[in-house]
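Notes follow the structure.
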Amino acid sequence: MLKLRDHLYIDGKWTAPAGREQIDVVNPATEELLGRIPSGTPEDVDLAVRAARAALEAWAETPLDRRAALLAAIQAGLAARQDEIATLISMEVGTPLKIAQRVQAGLPVADIGSIVDLAAGLSLQEIVGNSTIYREPKGVVACITPWNYPLHQVVSKVAPALLAGCTVVLKPSEVAPLTAFLLAEVAEAADLPPGVFNLVTGYGADVGEALATHPEVDMVSFTGSTTAGKRVATLAAQDVKRVALELGGKSASVILDDADLQKAVRATVNSCFLNAGQTCNALTRMLVPADLYEEAARIAIDTANSFTLGDPLAAETKLGPLVSALQRERVRSLIRSGIDEGATLLLGGDEAPADLAKGFFVKPTVFGRVTPRMQIAQTEIFGPVLCIMTYQSEDEAVSIANGTHYGLAGAVWSNDLARATRVAKRMKAGQVDINGARFNLLAPFGGWKQSGLGRELGRYGLEEFFEIKSIQT
Ligand code: NAD
């Protein structure tokens, strides 16, 4: 059944958009129409921002524990609809259902829970000498989000912004917007005061840019590509808005010579291919000691071969399609560039999989003997493509790991924790995992260099939404 959405959520009401244009949402596995959403305009943005501005003072004065309780109600509302969320995202993004249940639907519920829990230990004022330092809400926040983990990326911004006392206008990705409507329904059912959370869907160039330039927006919290992030930051700089940017990555998995090679390679491939490689912190460059290359390549091929391509809703599927025809073409052309530049194609390639006539599928692809200057070693591919690179010394491994414009994440593998920690500390990245350590929702997430500005999640993520004032007595 088609998911037809023809209203925006503004000032606590489902509101008809100013324009008539709509955007098609396509199921990437079948190439069929999945739904339609309003293509919002600057007029819609203006209405939503004014509503957020009007609601700000009362929301900022609402006691912290009340704001936390409302967020907990939203968390419960999302938890109750978890199966629906998983299926919806599986259909709009192509994430295999089993993974969608855990990551696409489970993670957002856990995200909000972790933010609610922060409220108890949060101090909004502090004494420094003769000053009292106050943390006050930053104001009206525009949240602009991508499609790859659509609800997780939305709640990673919206929940801390609301807890901090900010009001929000959300513009989700036009490619995977459907769960944002569900969030608005849940917020409405939780009795969030009108204007505190608003939803305007549409394209980046229309709605996104109208938000970034609106004089009544105090902060833009953006997750997406580095190219669009730079544009948003440039626009927002015109009136010195605060900008938080969560951008792309090209993260390295540094496997040291004393690591458990089997475990390290398998985990790196699994990270690289999660969500068909459409994960910002995916480990897409696997760095191995030169004399372990053959063995590492064999394990990587073996692991990649276990990624069964197919219908995301089928139980046996481990690799779904890419999100769109455009994304598939980008990835195919990068695969071709790898071949042209002389990397060794060990598995996969740019041709469509023989047995899948429909859907934006790309075969699990592994390149060996990738060298640092190749385009596939420098550009974020955002598809199921692993690059294996070799190094001679620990110094060279660190230099290759740090040798891109990105700095979002990384991994180090070694049987010697002190050695792994030493290498991890030399990596210019926001998060580095040692020996496959699990994801920590309370740890700050974000990028160095062109991977971003600011942090998301946990206490550090919450801090982004406060303005600081000191009063001297
Ligand atoms: P994108 O940059 O194309 O779009 C992201 C959002 O920005 C969308 O809502 C889009 O409509 C909007 N947008 C686009 N152009 C805009 C403009 N000029 N002004 C305002 N808004 C604009 O990215 P995408 O293709 O949706 O997502 C994939 C990218 O996101 C990848 O680069 C990935 O690494 C990155 N990402 C980063 C993180 C992180 O936490 N660092 C997380 C997920 C995804």
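Scope of the values below: all heavy atoms of this structure, side chains included, with no hydrogens, waters or symmetry mates. Just so you know, ligand 1 is whichever comes first in the structure, and atom 1 is the first atom listed for that ligand.
- Scanning the protein for heavy atoms near atom 15 (N) of ligand 1, the closest one is Ala228 CB, 3.7 Å.
- Set against the non-hydrogen atoms of Leu408, the atoms of ligand 1 under 4.0 Å away are 41 (N).
- If you number the atoms of ligand 1 from 1 as listed, the ones under 4.0 Å from a heavy atom of Pro172 come out as 9 (O).
- Nearest heavy atoms, Leu163 versus Ile115: CD2-O, 3.4 Å.
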For a quick test of your reading: what N or O donor-acceptor pairs under 3.5 Å do the side chains of residues 6-23 make, sequence neighbours left out?
unit_1: Trp14; atom_1: NE1; unit_2: Glu188; atom_2: OE1; d: 2.9
unit_1: Thr15; atom_1: OG1; unit_2: Lys13; atom_2: O; d: 2.9

Quiz item: Going through the distances and angles, do Ser251 and Asn281 end up as a side-chain hydrogen bond (donor to acceptor under 3.5 Å, both in side chains)?
Solution: CA-CA 6 Å; Ser251 301; Asn281 59 345; over 6 Å; no
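- Distances between N or O atoms of Glu246 and those of ligand 1 include at least one value under 3.5 Å.
- Atoms of ligand 1 found under 4.0 Å from any heavy atom of Glu209 (numbered from 1 in listed order, with element): 17 (C), 18 (N), 19 (N), 20 (C).
- Proximity annotation for atom 33 (C) of ligand 1: of Tyr406, Phe382, Tyr149, Phe445, Phe382 comes nearest, heavy atoms only.
- Protein heavy atom closest to atom 42 (C) of ligand 1, with residue, atom name and distance, is Cys280 SG, 2.9 Å.
- Proximity to Arg231 (heavy-atom distance under 4.0 Å) selects the following atoms of ligand 1: 18 (N).
- Of the candidates Gly204, Ala409, Ser324, the one placing a heavy atom closest to atom 16 (C) of ligand 1 is Gly204.
- Short contacts between ligand 1 and Glu174, defined as distances under 4.0 Å to a heavy atom of the residue, involve ligand atoms 10 (C), 11 (O).
- Scanning all protein heavy atoms for the shortest distance to atom 31 (C) of ligand 1 gives Glu380 OE1, 3.3 Å.
- In terms of protein heavy-atom proximity, atom 7 (O) of ligand 1 is nearest to Phe222 CE1, 3.1 Å.
- Residue-ligand proximity, Gly248 to ligand 1, at heavy-atom distances under 4.0 Å covers atoms 32 (O), 34 (O).
- The atoms of ligand 1 that sit less than 4.0 Å from any heavy atom of Asn148 are 43 (C), 44 (C).
- Residue Gly447 places no heavy atom under 4.0 Å from ligand 1.
- The shortest contact between atom 27 (O) of ligand 1 and any protein heavy atom is with Pro146 CB, 3.2 Å.
- Atom CD1 of residue Ile335 and atom CG of residue Asp340 lie 12.0 Å apart, to the nearest 0.5 angstrom.
- The minimum heavy-atom distance between Glu246 and Arg455, with the atom names listed, is OE2-C, 3.7 Å.
- Each of Val323, Thr179, Asn27 was scored for a side chain to side chain contact (heavy atoms under 4.5 Å, CB included) with Glu92, with one residue passing: Thr179.
- For Lys250 and Tyr406, the positive end is not near the middle of the six-membered ring at less than 6.0 Å and at most 45° from its axis.
- Annotation: side chain of Leu287 is not in contact with side chain of Ser253 (no heavy-atom distance under 4.5 Å).
- In this structure, atom 2 (O) of ligand 1 lies nearest to the protein heavy atom Ser225 OG, 2.6 Å.
- Separation of atoms OH (Tyr391) and CD1 (Ile400) is listed at 9.0 Å; rounding is to 0.5 Å.
- The protein atom (non-hydrogen) at minimum distance from atom 9 (O) of ligand 1 is Thr145 O, 2.7 Å.
- Of the N or O atoms in Leu235, none lie within a sub-3.5 Å distance of an N or O in ligand 1.
- The shortest N or O to N or O distance between Tyr203 and ligand 1 is not under 3.5 Å.
- Applying the 4.0 Å criterion to heavy atoms of Ile144 picks out, from ligand 1, the atoms 6 (C), 7 (O), 9 (O), 12 (C), 21 (N).
- Between Gly249 and Ser451, the shortest heavy-atom distance links the atoms CA-OG, 4.0 Å.
- Listed by first then second residue, pairs satisfying side chain to side chain donor-acceptor pair (under 3.5 Å) with a partner in residues 193-213 read Glu209-Arg231, not counting sequence neighbours.
- Within a 4.0 Å radius of atom 4 (O) of ligand 1, the protein contributes no non-hydrogen atoms.
- To the nearest 0.5 Å, atom CG of residue Leu182 and atom NZ of residue Lys3 are 10.0 Å apart.
- Considering only heavy atoms from C-beta on, Leu442 stays 4.5 Å or farther from Leu457 through its side chain.
- Gln153 NE2, 2.7 Å is the protein heavy atom nearest to atom 43 (C) of ligand 1.
- Of the candidates Lys363, Arg332, Arg336, Asp350 forms a side chain to side chain donor-acceptor pair (under 3.5 Å) with just one, namely Arg336.
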